[in-house]
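Here the structure is laid out as structure tokens; the discussion comes afterwards.
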2 protein chains.
Amino acid sequence: MTSNNSDFIVAAEGGTVTHDVQSISPRTRPATLRKRKRILDAAIDIFGNKGYANGTLADIADQVDLTHAGVLHHFGSKQNLLLEMLTYRDHTDVADLDEQHIPGGPDLFLHLVRTALVNSRRAGVVQVYTVLSAESVTDDHPARPYFESRYSTLRGQVADAFQVLCLQEGVTETAMIGPASASILAVMDGLQLQWLLHPQEIELAEASEFAIRAVVNAVLHPGPELSQYSRG
Amino acid sequence: MTSNNSDFIVAAEGGTVTHDVQSISPRTRPATLRKRKRILDAAIDIFGNKGYANGTLADIADQVDLTHAGVLHHFGSKQNLLLEMLTYRDHTDVADLDEQHIPGGPDLFLHLVRTALVNSRRAGVVQVYTVLSAESVTDDHPARPYFESRYSTLRGQVADAFQVLCLQEGVTETAMIGPASASILAVMDGLQLQWLLHPQEIELAEASEFAIRAVVNAVLHPGPELSQYSRG
DNA sequence: GATCACTTACCAGCAAGTAAGTAATTGCGA
DNA sequence: TCGCAATTACTTACTTGCTGGTAAGTGATC
């Protein structure tokens, strides 16, 4: 039989993958786990550099000295590999930032600035998110549920931080927290794209810090409307 | 001979396309021009909904009742069709906003807000830019030169508007104009992505206006640093 | 009569996935 | 501790389906 361990295929129909690479099927050899991580790293590289649609299993297999059938043995299908790769990336993200927990409250904004700084040293990770998040809006893209829930979660976390901040600063006007939360994630993403296109023109960390600060301050004190600058 | 009018293939090796659809080859019939526009519209739809790598000539041909060879007759190659489509989109953009010229000075910021509003009524255009700009950072993507020069130009225009604004408002500290210009384009792009993923959660026009205003005001009056909010 | 706007037919290449086989490793019962 | 059956980690070989591009032909239009 084409053994294809169906154990680790948990995200069958747009569902969410909840396990991590370690906990796959009861008794898997450590060498196998290591190989799977190498495949996932190769997948990050290939999907980042070529996109999901254009990157091939053979590309990934080459990087880890396997045939494309060898990759399929471990992950069952290309789509499943993509999904596993995304959660793998999420789980190792915390390690990269050597923090145990993402802070809540106003510290979250500083955390996001620090993330931008870390990201400016790992273009590969930035590229895979940039390419796949945009690709995910295309017809029936397998990564769409992932990015939908990712943005929902992140916006919620930022909005919570804003609530705490407003309370702390005695600001009662909280109507713009929603747009502001989306905007903060948006600048970060948009700057990453421009940085990938023009690495020497864009200062990712500096620009991110400036923009986040601008949005945070705007929530606390709106300032003049844009139309004020047009006549007078 | 496979007539394949090589006249209109001007962007051979990463160069820039400078003509528009009208001026293609001396004597082309009006019906032909109309058909070509239909093909370009179909290309926007397909490349927007499936990406460049994943969208096929047959997909596009179907929409205009041709075979894929018929499309190739008009545009020579898939890559050339993409490039023609991008410049076609640029040229018709002005018409969509029923303006003759993009304003300079502080009015540019209002123009950008109005653009966001117009964009919230044309998801197709938004999607094709979102998908292709991100895809363009992948290996040897044919649209990369287009997006590189697009962002350079736009950043320059926004920076110019900031210079005028600073002069007008008597602000001499212009160091953040660079990051701010990139940030404004970045929020717009980033919000579009989130809006495509969650059309009913994101208010594209409102959020864009808020964010642009935040960044513009931050250039004029920086406000407190983020770290101020973390300890009291 | 030449050019144009196509079509049909074809090709070569590539991609994901399947089937079947093989060598190594493992757990396990005696 | 040995031996063996089961499992694992692959490979090779193949199929199926699709893709962009080319060649050659055909009827309509200029």
Side-chain angles (χ1 to χ4, degrees), chain A residues 1-9 24-40 42-43 46-47 50-84 139-142, chain B residues 1-9 12 24-40 42-43 46-47 50-85 139-142:
Chain A
M1 208 219 287
T2 305
S3 63
N4 178 3
N5 306 13
S6 63
D7 301 79
F8 57 77
I9 303 177
I24 280 166
S25 87
R27 209 164 295 278
T28 320
R29 305 202 266 274
T32 303
L33 258 6
R34 262 180 274 126
K35 187 109 200 183
R36 284 190 184 153
K37 287 191 181 177
R38 285 189 60 209
I39 296 172
L40 292 169
I46 295 300
F47 291 151
K50 311 188 80 172
Y52 173 71
N54 206 34
T56 72
L57 293 174
D59 291 333
I60 293 162
D62 282 352
Q63 289 200 6
V64 294
D65 299 303
L66 286 181
T67 62
H68 88 278
V71 173
L72 282 172
H73 164 75
H74 287 289
F75 292 94
S77 72
K78 188 188 181 186
Q79 175 169 331
N80 190 63
L81 172 59
L82 172 69
L83 268 13
E84 297 273 357
D139 292 348
D140 301 314
H141 197 282
Chain B
M1 207 218 287
T2 307
S3 62
N4 175 3
N5 306 9
S6 63
D7 301 80
F8 56 78
I9 304 176
I24 280 166
S25 87
R27 207 165 296 278
T28 321
R29 301 202 267 274
T32 303
L33 258 5
R34 260 179 278 125
K35 188 109 201 181
R36 284 189 186 156
K37 287 188 182 180
R38 286 189 60 210
I39 296 172
L40 292 169
I46 294 301
F47 291 151
K50 311 187 78 175
Y52 173 71
N54 207 34
T56 73
L57 292 174
D59 291 333
I60 293 162
D62 282 351
Q63 289 201 4
V64 294
D65 298 304
L66 286 181
T67 61
H68 87 279
V71 172
L72 283 172
H73 165 74
H74 287 291
F75 292 95
S77 72
K78 187 188 182 187
Q79 175 169 331
N80 190 63
L81 172 60
L82 172 70
L83 267 14
E84 297 273 357
M85 184 269 268
D139 291 349
D140 301 315
H141 197 282

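In what follows, every chain begins at residue 1, and chains take the letters A, B, ... in the order their sequences are listed. Values below: all heavy atoms of this structure, side chains included; hydrogens, waters and symmetry mates excluded.
As a whole-Å value, the separation of A:Lys78 NZ from C:dG17 P is 8 Å. Atom CD of A:Gln79 is separated from atom C1' of C:dA15 by 15 Å (rounded to the nearest Å). The separation between A:Arg34 atom CZ and D:dC10 atom P is 12 Å, rounded to whole Å. For the pair A:Tyr52 OH and C:dA16 P, the interatomic distance rounds to 8 Å; values are reported in whole Å. With rounding to whole Å, A:Arg38 atom CZ is found 14 Å from D:dC10 atom C1'. Taking atom CZ of residue B:Phe75 and atom C1' of nucleotide C:dA5, one finds them 13 Å apart after rounding to whole Å. In this structure, CG of B:Leu81 is placed 15 Å from P of D:dT19, rounded to the nearest angstrom. Across the protein-nucleic acid pair, A:Asp62 atom CG and D:dT11 atom P stand 11 Å apart, rounded to whole Å.
Comparing C:dG17, D:dA9, D:dT22 by their closest approach to the side chain of B:Leu72 singles out D:dT22. Comparing atom distances between the B:Ser77 side chain and each of D:dT8, D:dG21, C:dA15 picks out D:dG21 as nearest. When distances run from any side-chain atom of B:Arg36 to the nucleotides C:dA5, C:dG17, D:dT8, the shortest one goes to C:dA5. Proximity note for B:His74 (side chain, C-beta onward) versus C:dC6, D:dG21, C:dG17: the nearest is C:dC6.
The closest side-chain heavy-atom distance from A:Leu66 to A:Lys35 is below 4.5 Å. The closest side-chain heavy-atom distance from A:His74 to A:Leu81 is not below 4.5 Å.
Legend: residues meeting side-chain contact (heavy atoms from CB on, under 4.5 Å) with B:Ala42, ordered by chain and number and at least two apart, are B:Ile60, B:Gln63, B:Val64. Shown here are the ring pair (Phe, Tyr, Trp, His ring centres under 6.0 Å) partners of A:His68, two or more places apart in sequence or in another chain: there are none. In this view, B:Tyr52 and B:Phe47, B:His141 satisfy the ring pair (Phe, Tyr, Trp, His ring centres under 6.0 Å) rule, not counting sequence neighbours. The side chain to side chain donor-acceptor pair (under 3.5 Å) test applied to B:Asp59 returns B:Lys50, B:Thr56, not counting sequence neighbours.
Sorted by first then second residue, the salt bridge (Lys or Arg N to Asp or Glu O under 4.0 Å) pairs that include residues 62-79 of chain B, not counting sequence neighbours, number zero.
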Review item, nucleotides 7-12 of chain C N/O atoms under 3.5 Å of protein N/O:
| from | atom 1 | to | atom 2 | distance (Å) |
| --- | --- | --- | --- | --- |
| C:dT7 | OP2 | B:Thr67 | N | 3.2 |
| C:dT7 | OP2 | B:Thr67 | OG1 | 2.8 |

